[in-house]
Amino acid sequence: MPKFGRWMVSILAVVMVSGSALAASRGDPVRKFDTDSDGTLDHIEVRKAATALFARLDPDHDGTLDVRELRGRLSAKEIAAADPDHDGTLSVNEYLAVVSQRSDAADPDHDGTLDGKELKSPAGRALLQLLQ
């Protein structure tokens, strides 16, 4: 094979592997958020992902999320229930309390971790709305 052909095959191989890894991490929330690579998400990983999303959703950097900033991730009723100071917004702690409740609901075996199957459940999908 000519030198150019080997070089092109090498480039294509790298692109294909990188692309499939990227697609897998986008489609698989466990791989996306599993920082210790144990195949599950624990409370620390869930909290880290939720905190990162909170920061991305807070463009005015006021430390709270209003209905507009939440972009449909929580209903008005859920926001009201999670807003004990009734200011119409969620602080990071109020947001993380909802995340914790949803994480617990998605963990029916109560082992403190979430696997791919648990994240595909209705409770798991509800949690993922607050992580990505």
Side-chain angles (χ1 to χ4, degrees):
M1 182 179 292
K3 193 173 190 177
F4 177 76
R6 283 187 296 235
W7 180 78
M8 186 58 88
V9 167
S10 296
I11 295 293
L12 287 173
V14 168
V15 168
M16 288 173 56
V17 169
S18 299
S20 64
L22 179 61
S25 70
R26 281 187 185 162
D28 182 359
V30 173
R31 288 182 71 183
K32 184 176 182 179
F33 302 122
D34 182 17
T35 57
D36 62 6
S37 301
D38 68 350
T40 65
L41 300 182
D42 60 31
H43 289 289
I44 294 168
E45 292 162 329
V46 168
R47 187 178 178 92
K48 182 178 177 182
T51 301
L53 179 61
F54 185 96
R56 286 193 309 273
L57 293 176
D58 185 21
D60 57 6
H61 307 292
D62 68 350
T64 64
L65 298 178
D66 58 30
V67 173
R68 182 184 50 79
E69 290 169 325
L70 283 163
R71 300 179 191 156
R73 286 178 168 81
L74 294 172
S75 69
K77 185 176 179 180
E78 290 170 319
I79 293 169
D83 182 21
D85 58 5
H86 306 292
D87 67 352
T89 66
L90 296 183
S91 69
V92 68
N93 289 332
E94 292 167 340
Y95 184 80
L96 291 175
V98 177
V99 169
S100 180
Q101 291 168 353
R102 288 192 179 185
S103 181
D104 290 345
D107 186 19
D109 58 6
H110 306 292
D111 67 352
T113 63
L114 300 169
D115 59 27
K117 182 179 177 184
E118 290 168 323
L119 290 172
K120 289 178 184 169
S121 71
R125 288 193 307 271
L127 170 63
L128 288 174
Q129 290 178 334
L130 302 180
L131 304 184
Q132 56 186 6

Measure the [atom1]-[atom2] distance between [X] and [Y] for me, rounded to the nearest 0.5 Å.
X: D28; Y: L119; atom1: CG; atom2: CG; result: 8.5 Å
X: Y95; Y: L70; atom1: OH; atom2: CG; result: 7.0 Å
X: D104; Y: H43; atom1: CG; atom2: NE2; result: 5.5 Å
X: E118; Y: L41; atom1: CD; atom2: CG; result: 9.5 Å
X: L57; Y: R71; atom1: CG; atom2: CZ; result: 5.0 Å
X: I79; Y: L74; atom1: CD1; atom2: CG; result: 5.5 Å

As a test of understanding, state which of T40, V46, D34 forms a side-chain contact (heavy atoms from CB on, under 4.5 Å) with L114.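 With L114 as partner, T40, V46, D34 yield a single side-chain contact (heavy atoms from CB on, under 4.5 Å), made by V46.
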Validation row: [X], [Y] side chains within 4.5 angstrom (heavy atoms):
X: V92; Y: D58; answer: no
X: L53; Y: Q129; answer: no
X: F54; Y: L96; answer: no

Between [X] (side chain only) and [Y] (backbone N and O only), is there a donor and an acceptor less than 3.5 Å apart?
X: R73; Y: Q132; result: yes
X: E94; Y: D83; result: no
X: T51; Y: R47; result: yes

Closest contact, heavy atoms only, A105 versus A123: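 Nearest heavy atoms, A105 then A123: O-CB, 3.6 Å.
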What are the two closest non-hydrogen atoms of P59 and E69, and how far apart are they?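 Looking at all heavy atoms of both residues, the shortest contact is CD-OE2, 3.5 Å.
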Does the pair V98 and E78 meet the rule for a side-chain contact (heavy atoms from CB on, under 4.5 Å), with working shown? CA-CA 9 Å; V98 177; E78 290 170 319; over 6 Å; no
So, D62 versus T64: side-chain donor-acceptor pair below 3.5 Å or not?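 Yes, a side-chain donor-acceptor pair sits under 3.5 Å.
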